[in-house]
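To start, the structure itself, in structure tokens.
Computed from a predicted structure; not experimentally measured. Throughout, a chain's letter reflects where its sequence line sits, starting with A, and its residues are numbered from 1. When reading the values below, keep in mind they use all heavy atoms of this one structure, side chains included, and skip hydrogens, waters and symmetry mates.
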2 protein chains.
Amino acid sequence: MKKYEIIVTDLEQKIFKDIYKENDLLPSENELAKQYASSRATVRQALKILEENGLIQRRHGYGSIVISHEKLLFPISGLTSFKELQTSLGFQSKTEVTIFGEITINQELSALTGFPLNSEAYHILRRRQIDGKFTVLDRDFLRKDFAGNLTKEIAQDSIYAYLENTLNLDIAYAQKEITIDFVSEEDLELLDLTPQDRHIVSVKSHVYLADNTPFQYTESRHQVDKFRFTEIARRQKR
Amino acid sequence: MKKYEIIVTDLEQKIFKDIYKENDLLPSENELAKQYASSRATVRQALKILEENGLIQRRHGYGSIVISHEKLLFPISGLTSFKELQTSLGFQSKTEVTIFGEITINQELSALTGFPLNSEAYHILRRRQIDGKFTVLDRDFLRKDFAGNLTKEIAQDSIYAYLENTLNLDIAYAQKEITIDFVSEEDLELLDLTPQDRHIVSVKSHVYLADNTPFQYTESRHQVDKFRFTEIARRQKR
DNA sequence: CAGTGGTCTAGACCACCAA
DNA sequence: TGGTGGTCTAGACCACTGA
């Protein structure tokens with residue numbers, strides 16, 4: 001474990017255990033450097049992470065204030081997968097793999113996914129049940145040359161866990177887009193929608209590996225009243 | 001201008017001018033440190049910002065890759081106000097101030113906004129026109145003890161510009177939430193909705209100052225088919 | 001004013017990557 | 001293996017906040 005990670009973890013725990021309470025000041029950077037027997041730069045690296053995670057707010061010439069952390073629920077932001085969400089929130093839920101196929105990328109799919117023309121990809125359609133009702137429909141395209149031997153069983157569990165832990169693929173970032181679409185035939189067929197539902201929330205993601213190759217394209221369609229997205233936004237000074 | 005800002009700006013321009021093209025490698029950190037006559041730490045601070053802004057992707061042991069920047073349109077993320085968006089995107093648009101009033105924060109409003117009970121606040125309702133149609137409805141609550149003498153004229157222009165540039169208020173971060181609501185009576189009355197529209201996108205923001213005081217609460221209601229939200233999400237390793 | 005966080009330097013060693 | 005980015009140090013000066 002790296003030194004700055006140790007500091008982050010320790011401060012996180014102290015915040016969650018209310019040793020440092022909401023609106024408290026953390027010890028100064030010099031003080032923390034002494035406490036952790038580190039340089040100030042290392043402490044600052046740790047504080048930067050706490051700030052990005054929305055746990056503290058730093059103030060020039062004053063100190064680092066602890067932010068209310070009760071409000072920090074349910075960040076769909078940050079590339080979190082369904083399985084992770086589900087376990088961390090303790091939902092009653094199930095995943096059904098509707099389609100598990102392979103496909104050659106044609107012109108249209110290449111434009112959509114960013115994959116090379118004529119490359120081979122998995123095409124997976126899954127629907128996810130929350131509290132007994134199918135509320136989310138996920139369509140995934142994954143490049144076969146990277147995703148190795150994906151199976152239906154893995155798709156039923158967590159694809160991300162498999163890619164990152166088993167294949168050691170380095171997933172770096174995603175370009176996400178949220179829009180509201182009209183309900184499609186397919187949505188009606190596969191999700192438990194009420195007849196009055198005309199709209200659906202669509203979250204499209206292009207997922208890239210560390211070396212910048214487009215690796216996955218996902219469209220996730222959520223029943224409108226089950227969707228919620230939260231994030232901490234910091235004002236960009238520059 | 002700080003040294004790392006100079007480096008960021010310079011590299012940004014070189015990327016936008018295609019001197020460094022998509023999928024190119026930037027010069028190494030040591031090389032850049034030489035070029036800008038700075039330390040490596042300063043170069044790294046600049047590269048960190050470029051990475052957070054989605055312009056490059058850094059890779060351990062390899063280098064910093066330039067990411068496609070054509071995809072970077074319309075980030076509502078990052079606390080951007082309507083006026084900024086409008087000017088940066090060149091929309092034809094207009095803002096109408098429907099309500100400009102003052103209000104004492106009661107129990108209910110205190111819970112909603114986080115403002116102290118019995119404090120004084122501005123209550124502003126604005127509707128925004130894009131291409132001749134009212135598509136966005138903004139309801140703002142701003143604490144009067146911070147927002148000084150706000151006027152209807154300022155509200156018609158940009159409140160943020162006034163607060164930051166004129167009052168020098170230090171807006172630090174916002175907790176945002178996106179949900180889909182049912183269309184309300186008020187929405188129907190003030191927005192140009194079609195009779196079939198049943199849903200509306202609601203973006204709620206709690207805005208905080210640098211010293212962590214809740215300062216503004218905004219609910220922004222967007223016509224469903226005019227709403228689009230994009231962001232770059234990085235996978236959290238920790 | 002003393003103390004805080006923000007910027008910056010010049011070094012060091014390590015972990016990773018491609019050839 | 002040589003070059004890359006990732007971590008870390010020990011120091012310096014500056015800009016800002018509060019009393």
Margin query: Do A:S64 and A:Q57 pair up side chain to side chain, a donor and an acceptor below 3.5 Å, judged on atom types alone?
Written below: no
Notebook entry, point to check: Do A:L25 and A:I65 come within less than 4.5 Å of each other through their side chains, counting heavy atoms only?
Noted result: yes
Item checked: Given DNA chain D, 5'-ward residue of the pair A:G61 and A:Y36, judged by closest heavy atom -> A:Y36
Next item on the list: Look at the side chain of B:K3 and decide which nucleotide, out of C:dC16, C:dC8, D:dT9, has an atom nearest to it.
Entry: C:dC8
Checklist line | B:E29 CD to D:dC8 C1', straight-line distance once rounded to whole Å | finding: 14 Å
Next item on the list: Please check if the side chain of A:D18 supplies one atom and the backbone of A:K21 the other of a donor-acceptor pair under 3.5 Å.
Entry: no
Checklist line | Selection from C:dC17, C:dT7, C:dG5 that lies nearest to any side-chain heavy atom of B:Y62 | finding: C:dC17
Check: At under 4.0 Å, does any side-chain N or O of A:R58 touch on OP1 or OP2 of C:dG6?
Finding: yes
Checklist line | Neighbours of DNA chain D within residues 39-48 of chain A, by heavy-atom distance under 4.0 Å | finding: A:S39, A:R40, A:A41, A:T42, A:Q45
Check: Would you say B:H123 and B:L109 make side-chain contact, with heavy atoms under 4.5 Å?
Finding: no
Note to self: Could you tell me how far apart B:R59 (CZ) and D:dG3 (P) are, to the nearest whole angstrom?
What the structure shows: 19 Å
Next item on the list: Would you kindly give the CD1-to-C1' distance between B:I6 and C:dC8, to the nearest whole Å?
Entry: 13 Å
Item checked: Atom-to-atom span, CD of A:Q57 to C1' of C:dG6 - whole angstrom -> 14 Å
Note to self: Measure CG/A:L32 against C1'/C:dG3 and give the value in whole Å, please.
What the structure shows: 14 Å
Next item on the list: Tell me what A:A33 touches on the nucleic acid: a base, only sugar-phosphate, or nothing, going by heavy atoms under 4.0 Å.
Entry: nothing
Notebook entry, point to check: From the list C:dT4, C:dC17, D:dT9, which nucleotide is the closest neighbour of the side chain of A:H60?
Noted result: C:dT4
Note to self: List the residues meeting ring-ring contact (aromatic ring centres under 6.0 Å, His included) with A:Y122, not counting sequence neighbours, and say none if there are none.
What the structure shows: A:F100
Margin query: Side chains of A:I15 and A:I56, heavy atoms from C-beta outward: is any pair under 4.5 Å?
Written below: yes
Next item on the list: Please work out which of the three classes, parallel, tilted or perpendicular, describes the rings of A:F215 and A:F146, given edges at 30° and 60°.
Entry: perpendicular
Check: Expressed in angstrom and rounded to an integer, what is the separation of B:E31 atom CD from D:dT4 atom P?
Finding: 8 Å
Check: Under 3.5 Å, side chain of A:K144 to main-chain N/O of A:S119, donor-acceptor pair present?
Finding: no
Check: For the side chain of B:K2, counting heavy atoms from C-beta on, which of C:dA18, C:dC8, D:dA15 is nearest?
Finding: C:dC8
Notebook entry, point to check: Which atoms form the tightest heavy-atom contact between B:A155 and B:R126, and what is the distance?
Noted result: O-NH1, 2.8 Å
Note to self: Can you tell me if A:S28 touches the phosphate of C:dT4, counting only side-chain N or O atoms and a distance under 4.0 Å to OP1 or OP2?
What the structure shows: yes
Item checked: Rounded distance (Å) that lies between atom C1' of C:dT4 and atom CD1 of A:I65 -> 12 Å
Note to self: What is the distance, to the nearest angstrom, from the NZ atom on B:K34 to the P atom on C:dT9?
What the structure shows: 16 Å
Next item on the list: Using a 4.5 Å cut-off on heavy atoms from C-beta on, say whether the side chain of B:L50 contacts that of B:L47.
Entry: yes
Check: Given pairs defined as Watson-Crick or G-U wobble with both distances under 3.5 Å, what dot-bracket annotation applies to DNA chain C, with ( ) intrastrand, [ ] crossing, | other strand and . unpaired?
Finding: |.||||||||||||||||.
